[in-house]
Structures are given as structure tokens and as C-alpha cells.
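A short worksheet on the structure shown next.
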Protein chains: 2
Amino acid sequence: MSNKPTAAAIPGNTIGRLSLYRRLLQELLAQGTRQVYSHQLARLAVSTPSQVRRDLMTIGFSGSPRRGYTISELLANIEGLLARSIETSVALVGVGNLGRAILAYYANRQPVRFAAAFDRAPEKTGRILHGCRCYPVSEMAEVIAREQIHVGVIAVPAAEAQGVADQLVLAGVRGILNFAPVRLHVPAGLYVEHVDLMMALDKVAYYAHQQVEQQDSSR
Amino acid sequence: MSNKPTAAAIPGNTIGRLSLYRRLLQELLAQGTRQVYSHQLARLAVSTPSQVRRDLMTIGFSGSPRRGYTISELLANIEGLLARSIETSVALVGVGNLGRAILAYYANRQPVRFAAAFDRAPEKTGRILHGCRCYPVSEMAEVIAREQIHVGVIAVPAAEAQGVADQLVLAGVRGILNFAPVRLHVPAGLYVEHVDLMMALDKVAYYAHQQVEQQDSSR
DNA sequence: TTTTGTGAATCGATTCACAGCG
DNA sequence: CGCTGTGAATCGATTCACAAAA
């Protein structure tokens, strides 16, 4: 409550965009580009030059009016910020369709490592999927402590999600990424990010329909 | 540009929460509950009573100070708003790990119907997955027109996403849900929702780490 | 009482607009 | 010049606070 973190808290939206910039910058660097202007990065991110400059200002990064931003430096800066000291170890709970797709998606990408997966079904435990060993949920606390896991990813049915979240919190996880279509209750200070696929599709369907209706009514 | 839609545009955040309320209300109704107060709905949604009341005000729904909101009426109202006239027909492009998980996730839920899936790989076409027929991408325009599809879901690798988006737009889709880790450029007025899994995990990892650091520095 | 409906205040995020620099 | 860095303005979303209703 009373201690001031080294850096001022950076808003979630900004962190999200930095994650995007990182990927774009990695790609630019791989193409051999060395410098980038805010308007170029903005175009790639489908954003505005102002937004890009504001974000870089937020993390205290400076460019030069003449040459723009040096990609290698900026990238190192963002990577240092997002992936602090060491790689983040992550645990997946729920090895169903979605869980396996998530493992495949993140497999050997970026500075995040899936150190363990958990599932209730005995036929799924003991296997290794995408380099990630699958344990029974009963071993969750033990494995999370041993592997120094700070982040949990929940991909279980809605009815089980809160119970799993409670176990993860008890096991000492500090952040949760939740794919189940319920909102989780967690102790204050713990970070939860919800990926709600139903909500996402509902939003698209709503605005797509609205488009169609406006078009129709203008005939 | 110049025509006024029947209802004033509802902000995306509000639509998202309405999608959540719908699920919560369906559950309450299934449990036999008839009425609900804003503070009860807020607790389920991990939100505030003010927020709930404001959202319902936005869609023009009224309750009674004594009895709260009548669940069946509210639900009908939200469902009518989200799922306009008819069911929304959706097309999936990219039947990989993630694409299949998405199909399984949405299968026979809610008022959204996956009317077609597309993939480049010939060995995937012709099959039926979760009640959804898989076509070669070359037939995209034809099938989308025939099935009256207004929404496209993109689950292809990053490098192919923009090309697929262009095809969907050409085929007449009005909204896109994009799971590929790139931002899409689409004509103005078309709605795009990004689900960026890398960004989501980066955010959780960042804040989880920050937690750990604050804890360490306070010792 | 308790709870709704809502104008007003607040908070946060984005955009503007321009001084300063190379 | 064209670009960055940034204070100020704007825009949007959330929360407050209280009158009205039952």
C-alpha cells in the first residue's frame, strides 16, 4: 500500500500496445530496418502517430527529430519492460480443445514459458504436449511452487473456473488469464485478464448487424 | 453518413457487458429466480451497481425501485438488442488448432451459427466439424453470398490474415473477429474486433511480475 | 426504508497543437 | 522543412450523490 514501485504504473492499454509494437519492431528488425518514425509504427499498428509518441513517452523512451526511433534500442527497452528480469513461467489449467490450442499458439514463442499443464481427466495427465508436461490437478500447489510459476491460464468449463482460480491463488499465482465465460473473484491486488470469446463475437455480430440495418434503411 | 440509426449507437464496452449480463441472467432464470437488483447483478459481473444501472439505462430498460428488474423482460430486451431480427451467420477462416477450438467453443451456443469454414489445405475441406462444413478458400465469395454470412472469424497465421480479411470484405462481410496477431486494415465503417492472445498474456505477465517486485522490495 | 434513474463530477485515455530540435 | 516531446484540450467511460418511487 505504502511503497512506491520503481516505475510508475503503466496503464493496461499502453502495456497492450507495447506488446503489439514489440512484434512489429521484431519484424521490422528482421527485415533489416534500423530506424522508424512514429507515423510508420502507427500505420503498422493501425493507430495514430500521437498515440505512438505518447506510449513511448510513457515508458521514457526518446527518439531523435531527424532520424525517428532506433529500432534495436526501442525493442530492447520494451522487452526489458514486458519481460522483467527472467522469463515468466506459466501454468495452464484445462487441457481441452481450447487449452491445447492455447498451448500450440504460445509454444516456443516470446519470453513466456508454459512450465506445466493441469487437468482433471487421468487420461490426459502424464503426457507432454508442445513441450509442456501435464499433471493431475491435485499436484497443482506442489508443481506451481517448485516451478516458480507466477501466472495461471484458465481454460476449463465455466462451472469449474472459480474453483480453479481459488486453487491458483492459494498456490501463489499473481496473475490469471481467464478464458472461461465467467468473471472471477480474486483477492485485491491480484491481476486478472478476461478473454471472453462469446462477448467478442457478440460485439462483432451487433455492429455488423447495425451496418446492415443502416444500409437497408437508407434505400 | 447522414442517416440516423433507429437506436443511438451503444458503446462497445456496454455491448460487451450486456453480453455478460445475458449469460448471467440466463443462469439466474434457469435457477428459478425472477427478479434481480442492480447490486446482485453487479456482484455476479464483478462490477458496480452504478455501472449496471447505467448500462440498463443506455438500452432504455426500466426496473422498479421496490422489486428491481424482472429477469425475463430484461433478458428478452438484451437478446433482442444483441441478436437483432435473425440469427447471425458466421464464417470461420483457418481450421487449425485454434480454429477447431473456436468451432467447438461456439458450437450450438447462443444465437450465433457457424454456417461455413474455409481452409487452404485440401485435406481439411469437405469434412464437417461441429456441424460446420469446411470449404476450400476459393469458394469463399460464393458460399458467403449464398449463406448470407455477415461476420467472418479469422484464425489463420499472421502472414495470411490481411489477405483473408481482404477476401472477406470483398465477399461482403460487415464485421470481422480476428485472432491473428496483426492489426487489420479494412475500409471505414467495417467493424473489426481483435482477440490478441499474445497481448493478453503479456499484460498478465507484466502485472504479475510487478506484484512480485513490489512484494520483494517491501521486505 | 431500500432501490431505481440520472445529472453532475470525476477519472482516464486519446488527440490536438505547437515549441524546440536537427 | 519534418519530426519529436509534451502541456492543454477533448473525448469517453465510470462513479457519485441525490431526488423520486414504492
Side-chain angles (χ1 to χ4, degrees), chain A residues 7-21 25 28 33-71 73-74 77-78 183 188 191 193-194 199 203 206-207, chain B residues 7-21 25 28 33-71 73-75 77-78 183 188 191 193-194 196 199 203 206-207:
Chain A
I10 298 174
N13 284 355
T14 304
I15 294 293
R17 284 189 301 266
L18 289 170
S19 165
L20 173 60
Y21 299 159
L25 292 168
L28 286 173
T33 316
R34 302 259 161 266
Q35 304 285 136
V36 70
Y37 294 120
S38 61
H39 67 261
Q40 299 175 308
L41 197 47
R43 188 151 25 76
L44 293 171
V46 188
S47 178
T48 65
S50 279
Q51 182 72 82
V52 170
R53 295 205 301 278
R54 176 70 59 187
D55 288 338
L56 301 197
M57 187 186 137
T58 301
I59 62 169
F61 188 82
S62 291
S64 108
R66 174 71 101 159
R67 331 187 94 249
Y69 303 94
T70 303
I71 294 179
E73 286 176 16
L74 176 51
N77 222 289
I78 293 176
R183 303 287 120 164
Y191 186 82
E193 175 88 11
H194 290 276
M199 176 186 292
K203 277 167 83 165
Y206 173 78
Y207 289 109
Chain B
I10 297 174
N13 284 355
T14 303
I15 294 294
R17 283 189 300 267
L18 289 170
S19 165
L20 173 60
Y21 299 159
L25 292 168
L28 285 174
T33 316
R34 301 261 160 264
Q35 304 285 136
V36 70
Y37 295 120
S38 60
H39 69 261
Q40 298 175 311
L41 196 47
R43 188 153 25 78
L44 293 172
V46 188
S47 179
T48 64
S50 278
Q51 183 71 81
V52 170
R53 293 205 303 277
R54 175 69 61 187
D55 288 337
L56 302 197
M57 187 186 138
T58 301
I59 62 169
F61 188 83
S62 290
S64 108
R66 175 71 101 157
R67 331 187 95 252
Y69 303 95
T70 303
I71 294 179
E73 286 176 16
L74 176 53
L75 192 51
N77 221 291
I78 293 177
R183 304 287 122 163
Y191 187 82
E193 175 88 11
H194 291 276
D196 190 327
M199 176 185 292
K203 277 167 83 166
Y206 174 79
Y207 289 108

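Values reported hereafter were calculated over all heavy atoms of this structure, with side chains retained and with hydrogens, waters and symmetry mates removed. Order of the sequence lines fixes the chain letters, A, B, ..., with proteins taken first and strands second; residue numbering starts at 1 for each chain. Quantities reported herein were computed from a predicted structural model and do not represent experimental measurements.
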Residue met sooner reading DNA chain C from 5', once Arg54(A) and Leu56(B) are mapped to nucleotides | Leu56(B)
Specify the separation, in whole Å, of atom CG of Leu74(A) and atom P of dT4(D).
-> 12 Å
Hey, are the side chains of Ile78(B) and Phe61(B) touching, using non-hydrogen atoms and a 4.5 Å cut-off?
-> no
Looking across every strand, which nucleic acid part, if any, lies under 4.0 Å from Ser38(A) by heavy atom: base, sugar-phosphate, or nothing?
-> sugar-phosphate
Ile71(B) versus Arg34(B): any side-chain heavy-atom pair under 4.5 Å?
-> no
Of all nucleotides in DNA chain C with an atom under 4.0 Å from a non-hydrogen atom of chain B, which is the first and which the last going 5' to 3'?
-> dT3(C) to dA8(C)
dG5(D) C1' sits how many Å from Asp55(A) CG, rounded?
-> 14 Å
Among dG2(D), dA22(D), dA17(D), the one nearest any side-chain atom of Arg66(B) is dA22(D)
Tested for side chain to side chain contact (heavy atoms under 4.5 Å, CB included) against Leu44(A), the lone hit among Leu28(A), Leu20(A), Leu25(A), Val36(A) is Leu28(A)
Determine the interplanar angle of the Tyr207(A) and Tyr191(B) rings, folded into 0 to 90°, and report it as parallel if under 30°, tilted if 30 to 60°, perpendicular if over 60°.
-> parallel
Would a 4.5 Å heavy-atom cut-off, applied to side chains only, mark Leu56(B) and Arg53(B) as touching?
-> no
Exam field: side chain Ser64(A) to backbone Arg66(A), donor-acceptor pair closer than 3.5 Å = yes
Would you classify Thr14(A) as touching base, sugar-phosphate or nothing, given that sugar-phosphate means primed atoms plus P, OP1 and OP2, and contacts are heavy atoms under 4.0 Å?
-> nothing
Beyond-backbone contact of Tyr37(B) with Arg67(B), side-chain heavy atoms, under 4.5 angstrom | no
dT6(D) C1' sits how many Å from Gln51(A) CD, rounded?
-> 14 Å
State whether Ser62(A) places a side-chain N or O below 4.0 Å from either non-bridging phosphate oxygen (OP1 or OP2) of dG5(D).
-> yes
Counting any heavy atom closer than 4.0 Å, what does Arg67(A) reach on the DNA or RNA strands: base, sugar-phosphate only, or nothing?
-> nothing
Contact class for Pro49(A) vs. all strands (heavy atom < 4.0 Å): base, sugar-phosphate, or nothing?
-> nothing
Side chain of Arg53(B): nearest nucleotide among dA17(D), dG5(D), dA22(D)?
-> dA17(D)
Please determine if a side-chain N or O atom of Tyr37(A) lies less than 4.0 Å away from the OP1 or OP2 oxygen of dG5(D).
-> no
